[in-house]
There are 2 protein chains.
Amino acid sequence: MQIGEISKKTGLSISTLRYYDKHGLLQNIDRSNGGIRKFDDKDLEALRIIICLKTSGMKISEIKQFMDWCSKGDTTIDKRLNMFYQQEKNINEQIDILNKSLKLIKFKQWYYEAAKRDGTEKNVKDMNLDDYPDDIRKLYEEAHIIW
Amino acid sequence: MQIGEISKKTGLSISTLRYYDKHGLLQNIDRSNGGIRKFDDKDLEALRIIICLKTSGMKISEIKQFMDWCSKGDTTIDKRLNMFYQQEKNINEQIDILNKSLKLIKFKQWYYEAAKRDGTEKNVKDMNLDDYPDDIRKLYEEAHIIW
DNA sequence: ATACAATCTAAACCTTAGTTTAGGTCAAGT
DNA sequence: ACTTGACCTAAACTAAGGTTTAGATTGTAT
């Protein structure tokens, strides 16, 4: 497979694939005599994990580190394993933060629904905590511990 | 409160606060006669939501749009409400993607635990799907639909 | 009055993650 | 041999989100 086909299969642009190659994420990609990149299924498999790591917030340089470890063989198994445990933590933290954001977002939805009903923000802006419905007050309070 | 105190309270650097101000996120911040920014509790409250939106992936320019709407008053209530519904969707999509990443990550953890036990990646690399434990095979398959 | 820390601005700089451009090569079909 | 689409590289460019620098001002404490 050539770069165009890989681009279609992965959804990454051709220039991004070349960028990844240049930065050491695509290790030992074959080339034709003329210098054209020849990808196989293993490369595609590697791209899968690259995309997954990228999507979950890992930096290019960290992914390169991982690919370097892969090339280095069995002596780096422990490092790679630890990386995946660390990345699990990172992802869970991200999810946690997003769930917390959601609380403030939902409070604001309630707030603006009330403003919409009234045709003005005034009333709801002047309300105090005790006037909020219980579930909304809870959202508000939880959100304000964090943000 | 001056910028240094706000920096400590929000965790944003002083230069970031000035950057936000310059880009229209901090609207109608008072200034002393000498030109020094004077923040009050309402400003701090606005920063809370700015930080929350930022953290959940909204761009500076979009946050500015929201702050502009806030300044414009009641005619923009609907736009602001819609923005919060849209942001809820965005966040849920992000959480979804992260949960999917987690499946591939956990498969890799199993993979490298096996490699670690064996002292080599060889055996586990050569295994085929049927040899995986049921739960791991499921992880692998689910992860490979996506990535 | 003077010292001093904290603040101010504009402008340059930085990093990350690519994209675009320009000028060339490769290889398959005619 | 020639055309054509896909590919190649290096280098410049872009955008977002800040950070750093330099030089000036503010305002509080002695």
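Values in this document were obtained by computation on a predicted structure and should not be read as measured data.
For B:Tyr20 and D:dG17, the shortest distance from a side-chain N or O to OP1 or OP2 is not below 4.0 Å. Taking only side-chain nitrogens and oxygens, B:Gln2 never comes nearer than 4.0 Å to OP1 or OP2 of C:dA6. For C:dT7, the OP1/OP2 oxygens have no side-chain nitrogen or oxygen of B:Arg37 closer than 4.0 Å. The side chain of B:Ser32 places an N or O atom within less than 4.0 Å of a non-bridging phosphate oxygen (OP1 or OP2) of D:dG27.
Side-chain polar atoms of A:Glu141 and A:Tyr132 form no donor-acceptor pair below 3.5 angstrom.
Protein atom NZ of B:Lys38 is 9 Å distant from nucleotide atom P of C:dT7, rounded to whole Å. Atom pair B:His23:NE2 and C:dA10:P shows a separation of 12 Å (rounding to whole Å applied). Rounded to whole Å, the distance from CD1 on A:Ile36 to C1' on C:dC26 is 5 Å. Between the CG atom of A:Leu12 and the C1' atom of C:dT19 there is a distance of 14 Å, rounded to whole Å. Per the geometry, OH belonging to B:Tyr19 stands 16 Å off P belonging to C:dA11, to the nearest Å. As a whole-Å value, the separation of B:Arg18 CZ from D:dT20 C1' is 11 Å. Distance CG (A:Asp21) to P (C:dA17): 17 Å, rounded to an integer number of Å. Note: CG (A:Asn33) to P (C:dT25) measures 17 Å, nearest angstrom.
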I would like to know whether B:Ile3 and B:Ile36 meet side-chain contact (heavy atoms from CB on, under 4.5 Å); could you show each step before the answer?
-> CA-CA 9 Å; B:Ile3 203 165; B:Ile36 287 174; over 6 Å; no
Please walk me through it: do A:Arg48 and A:Glu45 pass salt bridge (charged side-chain N to carboxylate O under 4.0 Å, His left out)?
-> CA-CA 5 Å; A:Arg48 247 194 260 283; A:Glu45 184 69 20; 3.3 Å; yes
Start with the C-alpha distance between B:Lys108 and A:Leu53, add both sets of side-chain angles, then the distance that settles side-chain contact (heavy atoms from CB on, under 4.5 Å), and finish with yes or no.
-> CA-CA 12 Å; B:Lys108 287 290 183 177; A:Leu53 293 173; over 6 Å; no
Pair B:Phe84-A:Phe107, ring-ring contact (aromatic ring centres under 6.0 Å, His included): steps then yes or no | CA-CA 9 Å; B:Phe84 283 107; A:Phe107 169 74; 9.5 Å; no
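The cationic atom of B:Lys22 (NZ for Lys, CZ for Arg) does not lie both less than 6.0 Å from the six-membered ring centre of B:Tyr19 and within 45° of the ring axis.
Taking every side-chain heavy atom of B:Lys22 into account, C:dA11 is the closest of C:dT20, D:dT19, C:dA11. Among the nucleotides C:dT9, C:dA27, C:dT7, the one closest to the side chain of B:Ile14 is C:dT7.
Nucleic acid contact for B:Thr16: sugar-phosphate only, since backbone atoms but no base atoms lie under 4.0 Å from a heavy atom of the residue.
Between the CH2 atom of A:Trp110 and the CG atom of A:Asp135 there is a distance of 9.5 Å, given to the nearest 0.5 Å.
Within a heavy-atom distance below 4.0 Å of DNA chain D, no residue of residues 54-70 of chain A is found.
When each of B:Gly4 and A:Gly34 is assigned the nucleotide of DNA chain C with its nearest heavy atom, B:Gly4 is the one assigned upstream, toward the 5' end.
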